[in-house]
Amino acid sequence: MPLSGIAQSLWKENAAHGLHTTHGLRMDFLTLFLIYLGFVLTTVALLCICSGRKESFFTRGANGASQILSLIIPTQLQRVTQRMCHRLFHTRSCLFVALNLALQAAVYGEYTWEVAVYCWELQFPLLILLVPYLLLVGNMACFILCSWADPGIITTSNHSSLVKIYAYDGVLFQKGIVCPTCHMEKPARSKHCSVCNVCVHRFDHHCVWVNNCIGASNVKYFFLYLLTLTAMAAAITTISTALLTQVVLLSNMLHGRYIDEQGQEHAVGLLFLIQHFFQTFPRIVFMLGFVLLLTLVLGAYCCFHLYLALTNQTSNEWYKSRRDGVCYHHQTFQPPLREAVYKNIYSKGAWMNLKEIFKPSPLLEGKKKM
């Protein structure tokens, strides 16, 4: 396969690098890498904090850091910060929806204007290049459905019917518990969302990225949204990695040599290649590192939700059952006579559990979002 224009230009640039020292290259690389690392870690921390997990590693770290900073930051500034955090994380807001769309636009903009163009020049199959766009269409459809669908809001009109769907397990969910806000007895597996200010049937968590609760009626859309989002990141990661690998192979860069600041000649290694690509394709490398880390984080989160789906659990139930260990106590009108041990009574086998998610009770169908 003959060298394309991009491979030839990279080969010439690589040869030119070999005639000079790498001191300036290393300094530029270090600056770019530190900026890049700070951006990626900040974004991943934000994803973990806002994913619905109340006691994540990053959340505990943020709480510890805030306690230390409270000794330094003026009291007035602390109050302003607390009000801002309350508005961001404890009230319905489209801020994270806008951030979500902005991140996708940035990634797809870079993929379209650089990665796809270079891949096309290197004669990548068109169908492979279109895969991220096809996944984007499916992801946007799932996002809209998940964001606008009724998660399963409990009202006075459907309360009596929803109470009959699930039995009380006597540990996580006990009969006779009344929601102090909605003034209704809580059906089993339900929870009051303080952000939306409603009780949700089979409550999973409140997702700020779709600005909606995840419950019995829209959990299937959320799972598909999460699955397509992970596939999008994985597809762009794979194609971008294939592009850089192809450039290295076609330009014969691995057989090149460079001169260090002491005037000694060395063969091109992995570190030099990374530095070279940071200099040649900084935006592609920035994007590749971001989507690679995003693939790992979303992949783990997707596997976690697949596990929950197969075992017929919600994030809320999984967290509550492990918060205080195996045994869990509820505050009721009468003290418990004996220690209650949690056991998942809702699992009916993997296939039936999946069917329950993708085909919920008919009582939840056809309701309009309040």
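FYI, side chains are in, hydrogens and waters are out, and symmetry mates aren't considered; it's all heavy atoms of this structure. The shown structure was predicted, so the numbers you read here are calculated from the model rather than taken from an experiment.
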Minimum-distance pair of heavy atoms, taken over all atoms of [X] and [Y]:
X      : Y      : answer
Ala233 : Val291 : CB-O, 3.9 Å
Val200 : Pro151 : CG1-O, 3.9 Å
Phe143 : Val97  : CZ-CG1, 3.5 Å
Gln174 : Tyr168 : C-CD2, 3.4 Å
Asn212 : Ala149 : ND2-O, 3.0 Å
Leu308 : Ser315 : CD1-OG, 3.5 Å

Find the distance between [atom1] ([X]) and [atom2] ([Y]) and round it off to the nearest 0.5 Å.
X      : Y      : atom1 : atom2 : answer
Phe290 : Leu103 : CZ    : CG    : 5.0 Å
Tyr346 : Leu172 : OH    : CG    : 7.5 Å
Leu294 : Ile236 : CG    : CD1   : 9.5 Å
His201 : Ser217 : NE2   : OG    : 8.0 Å
Leu224 : Leu145 : CG    : CG    : 9.0 Å
Met232 : Tyr111 : CE    : OH    : 11.5 Å

(Q) I'd like to know whether Lys186 forms a side chain to side chain contact (heavy atoms under 4.5 Å, CB included) with Cys179, so could you lay out the CA-CA distance, the side-chain angles of the two residues, the decisive distance to 0.1 Å, and finally the verdict. (A) CA-CA 6 Å; Lys186 291 183 178 181; Cys179 175; 3.9 Å; yes

Q | Criterion side chain to side chain contact (heavy atoms under 4.5 Å, CB included) against Cys213, the qualifying member of Cys207, Cys193, Cys199 | A |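 Option passing the side chain to side chain contact (heavy atoms under 4.5 Å, CB included) with Cys213: Cys193.
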
Hey, are [Y] and [X] close enough side-chain-wise for a donor-acceptor pair under 3.5 Å?
X      : Y      : value
Asn158 : Ser161 : no
His192 : Asn197 : yes
Thr311 : Asn353 : no
Glu356 : Asn312 : yes
Tyr133 : Thr112 : yes

Between [X] and [Y], is there a donor-acceptor pair closer than 3.5 Å when you use the side chain of the first and the backbone of the second?
X      : Y      : result
Glu185 : Gly176 : yes
Tyr301 : Thr230 : no
Ser321 : Trp318 : yes
Asp169 : Ile345 : no

Indicate yes or no: at least one non-hydrogen side-chain atom of [X] is less than 4.5 angstrom from one of [Y].
X      : Y      : answer
Lys359 : Lys220 : no
Ile239 : Cys119 : yes
Thr314 : Tyr319 : no
Cys146 : Ile214 : yes
Val210 : Tyr225 : yes
Cys182 : Ile154 : no
Gln104 : Met140 : yes
Asn218 : Asp150 : no

Q.
Once you measure the plane-to-plane angle for Phe222 and His205, does it fall in the parallel (<30°), tilted (30-60°) or perpendicular (>60°) bin?
A.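 Taking His205 first and then Phe222, their aromatic rings stand perpendicular (interplane angle over 60°).
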
Q | Audit row: Val208, Val195, side chain to side chain contact (heavy atoms under 4.5 Å, CB included) steps and yes/no | A | CA-CA 10 Å; Val208 297; Val195 180; over 6 Å; no

**Q.** Matching residue for Glu317 among Arg202, Arg322, Arg189 - test: side-chain hydrogen bond (donor to acceptor under 3.5 Å, both in side chains)
**A.**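 The passing option is Arg189.
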
Using the rule that Ile, Leu, Val, Met, Phe, Trp and Tyr join whenever any side-chain heavy atoms are under 4.5 Å apart, tell me whether [X] and [Y] fall into a single cluster.
X      : Y      : result
Leu134 : Ile144 : no
Met352 : Leu354 : no
Leu136 : Trp113 : no
Leu292 : Val107 : no
Leu227 : Phe358 : no

**Q.** Pair Tyr118 + Phe281: ring centers closer than 6.0 Å
**A.**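 Yes, close enough.
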
